[in-house]
Amino acid sequence: MSELVHLEVADAVATVTLDSEHNRNALSRQLVTELAERLERADADADVRVILVRSAHRVFCSGADLSEAASGGMEEGARAIVALQRQIATAGTPVVVELAGPVRAGGLGIVGAADVVVAAESVTFALTEVRLALAPAVISLTLLERFSDRAAAELFLTGRTFDAQEAQAAGLVTRAVPDADLADAVGSVLADLVQGYPQGLRETKRLLNHDLVARIDALGADVAEQSARLFGSDEAREAMTAFLQRRKS
């Protein structure tokens, strides 16, 4: 089985690349497991000052792997997404996300957990769970720490698509830049971060993410159970099956 997540280290930057083009980087068991392992390895590397998470292809992440969800339980997968968000938030190394393409549903949990997010202006986002008889349960752990209450209510409940500039205004994205400027903008952020000392970066992240980590620890088990229950419901299975059939046609 070929790997879906790659890790390269150069010039104090660990680049973690999602490379599961066949399902648009959906959060399959394999991708989540490999992403967690690559992040752990990068965070433990004394030569690394910053971790960059990006996609090898047009789509950053399409959300949960609905093929897996429709054919089996999601309890283990939900717990894994909770753990992944906590891992990003508690890593001693700053995590930067580069967005060159769309992000949907569960993929926003990675974005919400990251320290800095730079997005091309053409990038779109959507929390589509309500349209599949689901709720953004596990990713609410990080997103409710980023969005204002009003933004969260509208975007969670409508499931509508929103762009990078709106994502920046809502608090999800650090910086939205013209597509042609994305590489330079990311490079500038990385260049600033690598100048930090490990202790300074680690302790500053701890200050910044105190409330976010406390929320994950307090509610993680409950939202994982809620997510698994919803994915296993008849209403959600019917909605997911219909969605997968439309995508194939």
Side-chain angles (χ1 to χ4, degrees), residues 1-10 13-45 48 50-69 74 76-89 91 93-120 122-129 136 138-139 141-143 164 167 172-177 179 182-183 185-187 189-190 193 247:
M1 185 179 298
S2 59
E3 70 174 20
L4 302 181
V5 183
H6 313 305
L7 172 63
E8 297 180 0
V9 177
V13 178
T15 301
V16 178
T17 303
L18 309 182
D19 187 11
S20 184
E21 186 176 19
H22 74 282
N23 64 0
R24 303 179 181 88
N25 289 332
L27 298 172
S28 64
R29 285 184 289 270
Q30 182 186 348
L31 185 140
V32 172
T33 299
E34 291 184 10
L35 177 54
E37 190 279 332
R38 308 301 186 262
L39 289 170
E40 181 178 17
R41 197 193 316 170
D43 193 35
D45 189 333
V48 170
V50 58
I51 299 169
L52 173 66
V53 180
R54 60 181 298 278
S55 171
H57 309 289
R58 189 184 70 84
V59 176
F60 179 78
C61 181
S62 60
D65 188 323
L66 296 184
S67 297
E68 287 186 356
M74 277 294 289
E76 180 181 348
R79 288 199 302 267
I81 299 301
V82 171
L84 179 63
Q85 292 174 102
R86 191 182 194 281
Q87 179 182 9
I88 294 171
T93 310
V95 176
V96 176
V97 167
E98 174 187 332
L99 297 177
V103 191
R104 296 292 183 266
L108 274 77
I110 298 172
V111 177
D115 301 295
V116 180
V117 181
V118 184
S122 65
V123 171
T124 61
F125 306 80
L127 290 148
T128 54
E129 287 86 350
V138 295
I139 60 174
L141 295 170
T142 55
L143 296 183
L172 177 64
V173 166
T174 310
R175 192 182 306 171
V177 300
D179 288 37
L182 180 62
V186 171
V189 170
L190 298 177
L193 286 169
R247 194 163 68 181

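These numbers come from a predicted model, not from an experiment. Computed from heavy atoms alone, side chains included, the values below leave out hydrogens, waters and symmetry copies.
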With a 4.5 Å heavy-atom cut-off, do C61 and L27 have their side chains touching? yes
Between D115 and V95 (side chain of the first, backbone of the second, donor and acceptor by atom type, cut-off under 3.5 Å), is there such a pair? yes
Which atom pair, heavy atoms only, marks the closest approach of A80 to V32? CB-CG1, 3.9 Å
Any idea which heavy atoms bring L7 and A14 closest together, and the distance? CD1-CB, 3.9 Å
Quickly, which of H6, E8, E3 forms a side chain to side chain donor-acceptor pair (under 3.5 Å) with R38? Name it, please. E3
Nearest heavy-atom pair of L127 and P136: which atoms, and what distance? CD2-CB, 4.2 Å
V5 vs L18, test: side-chain contact (heavy atoms from CB on, under 4.5 Å). Steps then yes/no. CA-CA 5 Å; V5 183; L18 309 182; 4.1 Å; yes
To the nearest 0.5 Å, tell me how far M74 CE sits from L66 CG. 8.5 Å
So, applying side-chain contact (heavy atoms from CB on, under 4.5 Å) with L52, which one of V186, T17, V118 is it? V186
Residue pair N25 / S55: nearest heavy atoms and the distance that separates them: ND2-OG, 2.9 Å
Can you measure from CD1 (I88) to CG (L35) and round to the nearest 0.5 angstrom? 6.0 Å
Minimum heavy-atom separation for D179 to A120, with atom names? OD1-CB, 3.5 Å
Quick check: are there more than 12 heavy atoms from other residues, nucleotides or ligands sitting under 6.0 Å from CD of E40? no
Rounded to the nearest 0.5 Å, how far does CD of E21 lie from CG of D19? 7.5 Å
Does anything in residues 98-108 form a salt bridge (Lys or Arg N to Asp or Glu O under 4.0 Å)? List the pairs, not counting sequence neighbours. none
Looking only at atom types and distance, does a side-chain atom of Q87 sit under 3.5 Å from a main-chain N or O of A36, one as donor and one as acceptor? yes
Locate the shortest heavy-atom distance separating A42 from V48; write the atom from each residue and the value. O-CB, 3.7 Å
Taking the side chain as C-beta and beyond, is there a heavy-atom pair between I110 and F60 under 4.5 Å? yes
Backbone of T93 reached by a side-chain donor or acceptor of D43 within 3.5 Å: yes
Just by distance, do the side chain of E68 and the backbone of R29 share a donor-acceptor pair under 3.5 Å? yes
Kindly compute the distance separating CG (L172) from CG (L108), expressed to the nearest 0.5 Å. 5.5 Å
Kindly compute the distance separating CG (L84) from OG1 (T142), expressed to the nearest 0.5 Å. 9.5 Å
What's the separation between atom NE2 in H22 and atom OG in S28, rounded to the nearest 0.5 Å? 6.5 Å
If only atom types and distance count, is the side chain of Q85 paired as donor or acceptor with the main-chain N or O of G112 below 3.5 Å? no
Hey, does the side chain of S62 reach the backbone of N23 with a donor-acceptor pair shorter than 3.5 angstrom? yes
